[in-house]
A.B. asks: 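Quick one: structure below, then a few questions.
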Amino acid sequence: WRTGETISHANNVLSKYLQDNGVTVPVRTEVIMGQLFQRDPKRYCPLLEGNELDGRSVKADTNDDGRNGDDNRDGNGNRNGDSRSPTDFDKAAGGESNSSKGGVHISTGPSKPVLLTKLRIDALRDIFVRYNSYPPNDAQVAAEEAFDIWTRARHDSIPDHLARDVVQCLDMLRSTIQSKNGGHGVVMGAITDGNSNPRTVPMLEPYFDFVVNSEEVGVAKPDSRVYLAAAERLLDHPHLE
């Protein structure tokens with residue numbers, strides 16, 4: 001599916017949810033995500049070694065002269081006159097793009113954030129504490145609820161943003177391989193970065209027997225460990241017994 005569109009939809013749903021609940025959000029969640037990752041990359045990449053983290057390419061939102069980018073922002077946390085979309089910020093913060101358009105930029109190399117659920121919840125918690133004076137425990141609960149709203153919205157929008165002919169392609173793969181395999185069942189899996197899961201999408205769920213995402217393993221593609229985890233999951237599948 002087209003990641004940008006699904007994330008943009010989720011951001012809009014979350015923004016409305018926060019607004020309807022009277023939550024002040026002077027800085028975009030994705031900007032705070034970039035700042036948190038820059039401050040403590042080990043928290044969000046727990047299995048990376050020190051030398052890998054030392055080589056990370058992380059830049060919190062700044063103006064061209066290097067000043068912090070939180071000044072001169074409108075009520076949505078965007079700089080006045082900034083034409084970049086929320087998706088530009090979020091794809092970068094999510095490690096899904098190496099766009100150099102500015103804002104929060106986190107490289108797609110080995111040091112991109114892996115624990116994106118924790119990173120987004122921490123950013124939301126920061127918003128509730130820093131800008132809305134929530135007590136820490138209440139902020140944690142509110143952040144987790146807001147994250148659930150965001151992730152449900154993202155997955156709900158996936159059917160509207162599938163790549164062209166993806167369902168037909170998956171159906172052809174399964175049926176073709178099965179026919180060439182003497183009618184035996186075919187095991188199909190997916191490896192995803194972050195916390196996405198195609199098995200939560202009803203129209204995709206029948207085609208995937210298992211999903212391995214980077215949060216489970218602690219590293220993201222192209223680290224070999226995530227592929228080895230998928231191979232182990234495959235070997236444990238009942239169809240291969």
Side-chain angles (χ1 to χ4, degrees), residues 1-25 27-34 36-37 43-44 76-78 85-97 104 106 112-129 131-132 134 137-163 166-167 170 188-218 220-221 226:
W1 57 81
R2 295 186 292 276
T3 300
E5 285 87 342
T6 59
I7 288 179
S8 181
H9 172 77
N11 287 345
N12 291 337
V13 171
L14 176 61
S15 178
K16 185 177 187 306
Y17 168 80
L18 295 174
Q19 184 178 15
D20 290 347
N21 285 274
V23 178
T24 299
V25 188
V27 180
R28 288 198 59 81
T29 306
E30 300 76 34
V31 174
I32 298 176
M33 289 170 69
L36 291 176
F37 182 62
R43 177 173 171 81
Y44 308 107
N76 293 319
N78 294 317
S85 70
T87 302
D88 292 332
F89 288 99
D90 203 65
K91 287 174 71 178
E96 294 157 352
S97 170
V104 180
I106 298 177
K112 65 184 177 181
V114 175
L115 304 184
L116 294 175
T117 296
K118 178 182 289 188
L119 180 56
R120 188 174 290 276
I121 289 175
D122 283 357
L124 288 164
R125 182 181 183 277
D126 187 73
I127 288 171
F128 285 114
V129 171
Y131 302 112
N132 296 272
Y134 277 46
N137 288 342
D138 292 348
Q140 183 66 29
V141 172
E144 291 174 1
E145 291 176 351
F147 176 78
D148 287 342
I149 296 291
W150 183 89
T151 195
R152 283 201 304 271
R154 181 184 63 173
H155 279 98
D156 288 347
S157 73
I158 286 174
D160 295 327
H161 300 292
L162 289 174
V166 66
V167 174
L170 289 170
M188 293 177 63
I191 301 174
T192 70
D193 281 344
N195 49 32
S196 59
N197 186 346
R199 298 199 73 200
T200 64
V201 183
M203 64 194 311
L204 298 179
E205 190 274 336
Y207 299 102
F208 294 96
D209 300 290
F210 70 91
V211 175
V212 173
N213 66 51
S214 60
E215 288 196 334
E216 299 174 46
V217 184
K221 297 179 288 187
V226 75

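The chain is numbered in sequence order, starting from 1.
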A.B. asks: Measure the spacing between CG of D156 and OG1 of T151 and express it to the nearest 0.5 Å.
C.D. replies: 9.5 Å
A.B. asks: Mind checking side chain to side chain donor-acceptor pair (under 3.5 Å) for T24 and listing every partner two or more places apart, or none if nothing turns up?
C.D. replies: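 For T24 there are no side chain to side chain donor-acceptor pair (under 3.5 Å) partners, ignoring immediate neighbours.
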A.B. asks: Could you walk me through whether L36 and R125 pass the side chain to side chain contact (heavy atoms under 4.5 Å, CB included) check?
C.D. replies: CA-CA 12 Å; L36 291 176; R125 182 181 183 277; over 6 Å; no
A.B. asks: Just wondering, do W150 and T29 contact through their side chains at under 4.5 Å, heavy atoms?
C.D. replies: no
A.B. asks: Would you name the heavy atoms of D193 and K112 that are closest together and state the gap between them?
C.D. replies: OD2-NZ, 2.6 Å
A.B. asks: V211 and S196: which non-hydrogen atoms are nearest, and at how many Å?
C.D. replies: CG1-O, 4.3 Å
A.B. asks: If you take all heavy atoms of A10 and A153, which pair is closest and at what distance?
C.D. replies: CA-CB, 3.9 Å
A.B. asks: Partners of I149 by side chain to side chain contact (heavy atoms under 4.5 Å, CB included), sequence neighbours excluded?
C.D. replies: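 Here the qualifying residues are V13, Y17, R152.
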A.B. asks: Which residues pass the side chain to side chain contact (heavy atoms under 4.5 Å, CB included) test with L115, not counting sequence neighbours?
C.D. replies: P46, K118, E215
A.B. asks: What's the separation between atom CZ in R43 and atom CG in D122, rounded to the nearest 0.5 Å?
C.D. replies: 4.0 Å
A.B. asks: Flag the pair Y131 / V27 as yes when at least one side-chain heavy-atom distance between them is below 4.5 Å, and no otherwise.
C.D. replies: yes
A.B. asks: Is there a side-chain contact between N197 and T192 in this structure, where contact means two heavy atoms from C-beta onward sitting under 4.5 Å apart?
C.D. replies: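 Heavy-atom side-chain distance check fails, nothing below 4.5 Å.
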A.B. asks: Could you tell me which residues satisfy side chain to side chain donor-acceptor pair (under 3.5 Å) with E144, sequence neighbours excluded, listed by chain and number?
C.D. replies: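 With neighbours one apart ignored, the set is Q140.
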A.B. asks: Who pairs with E205 by side chain to side chain donor-acceptor pair (under 3.5 Å), at least two apart in sequence or on another chain?
C.D. replies: R199
A.B. asks: Going by side chain to side chain contact (heavy atoms under 4.5 Å, CB included), name the residues that satisfy it together with P159, two or more places apart in sequence or in a different chain.
C.D. replies: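 Scan of P159 (side chain to side chain contact (heavy atoms under 4.5 Å, CB included), adjacent residues dropped) gives V201, M203.
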A.B. asks: Roughly how far, to the nearest 0.5 Å, is the CG atom of L204 from the CH2 atom of W1?
C.D. replies: 6.5 Å
A.B. asks: Which heavy-atom pair separates L162 from V166 by the least distance, and what is that distance?
C.D. replies: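 Heavy atoms only, the tightest pair is CB-CG1, 3.7 Å.
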A.B. asks: Given 3.5 Å as the limit, does a donor-acceptor pair link the side chain of K221 with the main chain of I191, or not?
C.D. replies: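 Yes; at least one donor-acceptor contact below 3.5 Å.
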A.B. asks: Just verifying a value: how many Å separate T3 OG1 and I158 CD1, rounded to the nearest 0.5 Å?
C.D. replies: 8.5 Å
A.B. asks: Going by the rule side chain to side chain donor-acceptor pair (under 3.5 Å), which residues pair with D20 if we only count those two or more places apart in sequence or in a different chain?
C.D. replies: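 K16.
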A.B. asks: Where is the tightest heavy-atom contact between L119 and P113, given as atom of each residue plus distance?
C.D. replies: CD2-CB, 3.8 Å
A.B. asks: Please identify each residue that fulfils ring-ring contact (aromatic ring centres under 6.0 Å, His included) with Y134, with sequence neighbours left out.
C.D. replies: F128
A.B. asks: Ignoring hydrogens, what is the shortest heavy-atom contact between L124 and A146? Give both atom names and the distance.
C.D. replies: CD1-CB, 3.9 Å
A.B. asks: Among all residues two or more places apart in sequence or in another chain, which pass the side chain to side chain contact (heavy atoms under 4.5 Å, CB included) test with S157?
C.D. replies: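 Checked S157 against side chain to side chain contact (heavy atoms under 4.5 Å, CB included); matches are T6, H9, H161.
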A.B. asks: Under 4.5 Å between any side-chain heavy atoms of M188 and L170, yes or no?
C.D. replies: yes
A.B. asks: Could you check whether any side-chain heavy atom of S15 comes within less than 4.5 Å of a side-chain heavy atom of V25, counting everything from C-beta outward?
C.D. replies: no
A.B. asks: Looking at CZ of F147 and CZ of R154, how far apart are the two atoms once the value is rounded to the nearest 0.5 Å?
C.D. replies: 6.5 Å
A.B. asks: Could you go through the side chain to side chain contact (heavy atoms under 4.5 Å, CB included) check for E5 and D160 one step at a time?
C.D. replies: CA-CA 9 Å; E5 285 87 342; D160 295 327; over 6 Å; no
A.B. asks: Would you call I7 and E30 a side-chain contact if the rule is heavy atoms closer than 4.5 Å?
C.D. replies: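 A side-chain contact is absent here, since even the closest heavy-atom pair is not under 4.5 Å.
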